There are 2 protein chains.
Amino acid sequence: MTNDLEDNMIDFEQPCPIRDVLDRIGDQWSLLVLKALEIQTLRFNSLHREIGDISRQMLSRTLKKLENDGYISRTIYAEVPPRVEYTLTDLGGSFLKPMNILIQWANDNHEAICLARKNLSQ
Amino acid sequence: MTNDLEDNMIDFEQPCPIRDVLDRIGDQWSLLVLKALEIQTLRFNSLHREIGDISRQMLSRTLKKLENDGYISRTIYAEVPPRVEYTLTDLGGSFLKPMNILIQWANDNHEAICLARKNLSQ
DNA sequence: CTGGATCCTCATCGATACTG
DNA sequence: CAGTATCGATGAGGATCCAG
């Protein structure tokens with residue numbers, strides 16, 4: 001009797017781990033930030049340029065949330081002008097492994113989803 | 001020169017496949033519904049009981065969205081009283097494979113995330 | 001350069017009541 | 001049994017201005 005089923009089940013009771021994760025990275029920007037930092041360490045304005053259409057306001061909030069959950073780390077250099085670098089933590093890198101599989105699935109099946117949406121609009 | 005990097009990148013241009021997926025699945029209930037249907041086909045009220053604290057309103061909306069994207073199928077039986085069964089489609093089952101990996105990651109790392117949150121509140 | 005503070009808008013979600 | 005309609009609350013996200 002293995003506990004495969006149990007491992008695979010969602011715990012409907014509080015706290016729900018996957019809910020914690022989805023609530024944090026399910027927003028509009030978190031995943032884009034993580035994917036940008038997966039390539040390389042970046043500072044605030046570099047991230048802003050990289051992502052493009054995010055406001056500085058939302059970038060700031062997103063970074064703080066990701067840092068609070070341990071996905072990224074923030075390093076301040078006491079220079080003039082100030083420099084702040086954001087780096088993926090081990091936890092963040094670990095998270096991107098299963099997440100990249102899901103991203104790959106999304107890329108592979110995007111056509112099927114679009115097709116399903118079109119079919120119902122006929 | 002492989003295209004591994006390209007496969008792994010998020011397309012910042014529209015439409016973004018992973019955004020389509022996260023927008024649909026990132027809400028409060030979709031994943032719970034899919035996980036419930038992963039076990040077995042269920043009818044509306046069975047799902048309602050199974051998930052527990054979802055309102056019929058939200059269950060109805062969630063089911064419709066999932067059906068629209070092809071994750072589940074809806075079968076109506078012309079009986080009295082009416083019977084409607086919801087089943088996972090091939091696409092839905094396919095989606096749960098990478099998703100289950102992510103769920104497993106969330107379970108495994110939930111403690112680390114909680115720890116990160118506590119550390120900052122000190 | 002790296003943000004915080006404030007105000008605003010809009011989509012989402014819940015509660016309630018109603019229908020075939 | 002299986003939903004829909006309507007209304008109100010809530011919070012995510014954007015715009016703008018200000019600060020260290």
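Quick note: numbers below take in every heavy atom, side chains included, and nothing from hydrogens, waters or symmetry partners. Residue numbers start from 1 in every chain, and the chains themselves are labelled A, B, ... in the order their sequence lines are given, proteins ahead of strands. Computed from a predicted structure; not experimentally measured.
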Chemist: What is the distance from CG of A/Asp23 to C1' of D/dT10, rounded to the nearest Å?
Modeler: 15 Å
Chemist: Between B/Tyr86 and D/dC1, does any side-chain N or O lie under 4.0 Å from OP1 or OP2?
Modeler: no
Chemist: Between D/dA2 atom C1' and B/His48 atom NE2, what is the distance in whole Å?
Modeler: 11 Å
Chemist: Any side-chain heavy-atom pair from B/Leu59 and B/Phe44 closer than 4.5 angstrom?
Modeler: yes
Chemist: Indicate yes or no: at least one non-hydrogen side-chain atom of A/Ile113 is less than 4.5 angstrom from one of A/Arg117.
Modeler: yes
Chemist: Measure the shortest side-chain to side-chain distance between B/Lys97 and A/Trp105 over non-hydrogen atoms and say whether it is less than 4.5 angstrom.
Modeler: no
Chemist: Have A/Thr89 and A/Ser73 got a donor and an acceptor in their side chains that come within less than 3.5 Å?
Modeler: no
Chemist: So which protein nitrogen or oxygen atoms get under 3.5 Å of nucleotides 12-14 of chain C's nitrogens or oxygens?
Modeler:
from	atom 1	to	atom 2	distance (Å)
C/dG14	OP2	B/Trp29	NE1	3.4
C/dG14	O6	B/Arg61	NH2	3.4

Chemist: What's the CG-P distance between A/Leu59 and D/dG14, to the nearest Å?
Modeler: 11 Å
Chemist: Of the nucleotides D/dC1, C/dG3, C/dC1, which has the atom closest to the A/Pro82 side chain?
Modeler: C/dC1
Chemist: Determine, using the 4.5 Å side-chain heavy-atom cutoff (strictly less than), whether B/Leu32 and B/Ile101 are members of one ILVMFWY cluster.
Modeler: no
Chemist: Within this structure, what is the CG-to-P distance between A/Leu22 and D/dA12, rounded to whole angstrom?
Modeler: 15 Å
Chemist: Are B/Leu96 and B/Lys35 packed together at the side-chain level, in the sense that at least one heavy-atom pair is separated by less than 4.5 angstrom?
Modeler: yes
Chemist: Below 4.0 angstrom from OP1 or OP2 of D/dG3, is there any side-chain N or O of B/Lys64?
Modeler: no
Chemist: Between P on C/dT2 and CG on A/Leu42, what's the gap in Å once rounded to a whole number?
Modeler: 11 Å
Chemist: Given axes from five pairs at either end, by how many degrees does the helix from C/dC1-D/dG20 to C/dG20-D/dC1 bend, rounded to 10°?
Modeler: 50°
Chemist: Please give, in whole Å, the distance from D/dA2 P to B/Glu85 CD?
Modeler: 9 Å
Chemist: Please determine whether a side-chain nitrogen or oxygen atom of A/Arg74 lies at a distance below 4.0 Å from atom OP1 or OP2 of C/dG3.
Modeler: yes
Chemist: Is there a path of hydrophobic side-chain contacts, each under 4.5 Å between heavy atoms of I/L/V/M/F/W/Y residues, joining A/Ile76 to A/Leu63?
Modeler: yes
Chemist: In whole angstrom, give the distance that lies between atom CZ of B/Arg56 and atom P of D/dG3.
Modeler: 11 Å
Chemist: Looking only at side-chain N and O atoms, does A/Arg83 come under 4.0 Å of OP1 or OP2 in C/dT2?
Modeler: no
Chemist: Can you check whether B/Ile25 reaches B/Leu66 side chain to side chain, under 4.5 Å on heavy atoms?
Modeler: yes
Chemist: For a side chain to side chain contact (heavy atoms under 4.5 Å, CB included) with B/Tyr71, tell me which candidate from B/Val21, B/Asp90, B/Leu37 qualifies.
Modeler: B/Val21
Chemist: Would you mind reading off the distance between B/Phe44 atom CZ and C/dG20 atom P, rounded to a whole angstrom?
Modeler: 17 Å
